[in-house]
A.B. asks: 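Pasting a structure below so you can have a look.
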Amino acid sequence: MNFKKRTNFLFGALLLTGSLLAQNVCVSTPKTSLVLSVPEGGTLRHLYYGNRLSEADLQNISAAEANHAAYPEYGLNAPVETALAVKHADGNMTLQLEVLNVTTEKEGNAVTTVVALKDKVYPFFVNVCYRAWQDADVIESWTEISHQEKKPVVLNQFASGYLPIRRGDVWLSHLSGSWANEGVLTQEPLTPGMKVIKNKDGVRNSHTDHAEVMFSLDGRPQENTGNVIGAALCYSGNYKLRIETHDDEYHHFFAGINEENSTYSLKKDELFRTPELALTYSNEGLSGGASRNFHRWARLHKLAHGTTPRKILLNSWEGVYFDINQQGMDQMMADIASMGGELFVMDDGWFGDKYPRKNDSSSLGDWVVDKNKLPNGIEGLLSDAKKHGVKFGIWIEPEMANTTSELYEKHPDWVLKASERDVVLGRGGTQVVLDLANPAVQDFVFGVVDNLMTSYPEIDYIKWDANMSVQNHGSQYLTKDNQSHMYIEFHRGFEKICQRIRAKYPDLTIQACASGGGRANYGVLPYFDEFWVSDNTDALQRVYMQWGTSYFFPAIAMASHISAAPNHQTFRTIPLKYRIDVAMSGRLGMEIQPKNMTEEEKALCKNAIAEYKTIRPVVQLGDIYRLLSPYDKQGVASLMYVASEKDKAVFYWWKTEHFCNQHLPRVKMAGLCADKQYRVHELNRIDNVPLNYEGKSFSGAYLMANGLEIPYNHKVDYHKQNDYSSRVLYLEEVK
Ligand code: DGJ
């Protein structure tokens with residue numbers, strides 16, 4: 001057995017248990033262990049994933065646990081679900097992988113373990129890789145597939161990873177939805193048969209189902225108790241998650257690129273690297289462990305600038321839509337500056353020369369200023385921003401074009417289109433997707449950002465949108481026999497562009513927007529600072545969407561804006577106080593025409609922005625505790641964020657239903673330090689009188705055992721009363 005240990009490391013111990021054939025590898029994070037059996041010349045097997053094991057338990061783990069192939073391959077046990085299925089160059093459809101060796105290497109705060117496998121007969125190789133973070137309880141697993149057969153090998157199935165979950169009463173939590181209704185939480189028991197969660201959009205992969213799931217291992221999911229495995233596929237393209245509850249009653253979980261219409265022809269010596277599947281384990285429930293583990297890992301390792309608090313911004317979209325002009329932008333900048341905001345983002349509608357962008361039917365691709373709308377150009381906007389003391393950001397949709405554009409006239413061969421077919425068009429009746437497999441197109445898309453940034457280095461923020469699916473299966477760049485590579489090559493191209501942008505512009509803030517929440521995934525987040533949760537800014541619906549999204553993504557990544565009433569998507573009229581209180585639970589921004597607001601409304605927002613600046617580090621960098629779910633239909637939803645020192649916390653309470661004298665449950669707090677005393681201060685107060693406990697202090701023990709009585713309604717003048725009610729309480733340790 002060839003165990004290569006490249007460096008010493010603290011947690012990722014290799015455990016040699018007795019004979020060579022019984023050798024185990026333990027991949028560990030501070031609180032978790034994943035144990036594999038790696039017999040040389042035998043099958044790589046999964047033994048255990050759970051709480052970190054003691055040395056003593058590790059010794060005997062093989063005797064206690066069932067074992068399953070850790071990366072099951074197709075061919076010689078054909079009836080079971082598999083992670084990998086290929087057709088060899090000679091037509092043979094089987095694989096039989098044996099362990100060659102194991103290597104471990106410490107890179108920064110992670111220990112990477114690679115188990116090298118080889119087919120017993122064919123020169124076909126798979127590295128099964130595990131990256132165990134030492135400052136976050138997350139293990140990423142992926143595979144590297146290669147061969148030295150004479151002709152290409154066809155990959156029919158190529159999952160990133162497989163995990164046997166366990167037998168019995170296991171519940172799945174996952175997100176689904178649609179445009180303007182993203183992040184809807186579903187919780188269901190796993191039953192015999194196959195549960196498949198997949199995406200086929202081609203460009204955006206989180207509008208509908210999400211590539212992240214949680215398994216509650218002790219039956220019905222609990223937020224703060226119970227054992228949970230969380231899994232997130234770090235990929236921006238089509239994915240497929242499969243959970244097979246087999247006749248052995250085990251729940252077998254597979255995750256990877258969706259191989260449908262994407263068989264991959266792998267050339268000799270080419271390396272096919274599957275995207276990472278991030279795993280976490282906790283015995284503190286869904287929000288207790290799994291969400292906080294994901295959030296911590298995201299902030300430290302997976303999200304651009306994950307530990308830098310975000311600016312408070314005004315985005316122009318719902319305020320003016322395409323009606324951009326110099327004076328209007330100047331007025332919006334003045335307004336957001338006067339309310340204490342820090343950044344103004346000009347959305348769609350600013351570009352196009354031959355074809356000015358008046359609506360969504362033209363101009364994508366022509367990233368030059370529309371001089372009729374903006375005679376002083378971006379320079380003028382930047383100087384206005386400087387005058388008002390705010391930063392400036394800009395909207396682009398660089399992966400796309402309209403057929404009505406100078407770009408399309410010059411390069412009709414740059415768009416995805418099936419040969420022999422007319423191109424199918426998207427948004428506005430003219431939108432097309434650029435063929436990111438094509439290096440010339442990659443250069444162009446990189447150039448969109450590069451030209452803006454070299455011409456106007458003061459640009460602080462880019463909103464990167466993507467408003468169309470792949471509707472045409474056809475790359476005009478790839479060869480005819482490689483058309484099944486289109487989806488994979490699109491996302492490789494996308495990633496290469498993102499890498500180039502980040503290499504040159506590491507400090508730029510970039511938002512991933514894709515018709516709202518179409519790009520909330522860990523494949524894009526290394527390159528983006530945040531995502532737009534949804535095009536739906538209705539505060540009540542946002543309580544539900546942001547609740548679901550918080551399962552996997554931290555508040556710092558979730559853009560949440562105060563918008564107008566009636567809401568532009570639901571037409572619901574929600575009072576400003578409630579809209580503010582919901583937006584303040586994510587990355588706060590505004591998306592409204594300030595000139596249509598009353599002075600009183602502006603004053604409320606100004607106060608909220610000032611208060612948000614105080615709580616921003618707690619919301620954006622703190623630990624989430626979800627307390628009462630809107631999905632439980634108890635008339636109220638509540639969550640809180642607690643600073644890592646447990647000296648500060650923010651408690652949110654939103655009424656979700658409105659019936660006279662309806663009883664609402666009292667919400668117990670969580671995550672505080674029992675021994676500390678916390679002073680309570682209500683933020684965004686609108687009531688004529690303060691809460692009874694305003695300024696008073698309580699022990700963490702009391703607040704966690706009892707919570708505080710929250711009045712069901714606001715005590716305001718009669719003409720201001722309405723059916724909505726919400727509270728934000730700031731708790732600060734009294735020293
Ligand atoms: C879709 C986005 O989600 C919106 O926020 C806005 O930017 C529009 N596109 C602009 O066309």
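No experiment lies behind these values; they were computed from the predicted model shown. All ligand and atom numbering here is 1-based and tracks the order in the structure.
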A.B. asks: Quick test of your reading of the model: are K354 and E409 salt-bridged, counting only N-O distances below 4.0 Å?
C.D. replies: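 Yes, charged N to carboxylate O under 4.0 Å.
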A.B. asks: Check whether any side-chain heavy atom of L639 sits under 4.5 Å from a side-chain heavy atom of W654, and report yes or no.
C.D. replies: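 The answer is yes, as the side chains (C-beta and beyond) meet within the 4.5 Å cut-off.
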A.B. asks: Would you call R542 and D538 a salt bridge, taking side-chain N to carboxylate O under 4.0 Å as the test?
C.D. replies: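 Here R542 does not pair with D538 in a salt bridge, since their nearest N and O are not under 4.0 Å apart.
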A.B. asks: Run through ligand 1 for me and note each protein residue having a heavy atom under 4.0 Å from it, chain first, then residue number.
C.D. replies: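 Lining ligand 1 at under 4.0 Å, by heavy atoms, one finds W317, D347, D348, W395, R427, K463, D465, N467, C513, S515, G516, W532, D535.
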A.B. asks: Does the ring of Y551 carry R626 above it, NZ/CZ under 6.0 angstrom from centre and within 45° of its axis?
C.D. replies: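 Cation-pi check for R626 and Y551: passes.
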A.B. asks: Tell me whether the guanidinium CZ or amine NZ of R357 lies under 6.0 angstrom from the six-membered ring centre of W367 and within 45° of its axis.
C.D. replies: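 No - R357 does not lie over the ring of W367 by the 6.0 Å and 45° rule.
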A.B. asks: Applying ring pair (Phe, Tyr, Trp, His ring centres under 6.0 Å), which residue pairs with at least one partner in residues 498-522 are found, sequence neighbours left out?
C.D. replies: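 Applying ring pair (Phe, Tyr, Trp, His ring centres under 6.0 Å) to every pair that reaches into residues 498-522, excluding sequence neighbours, yields W297-Y522, Y522-F553.
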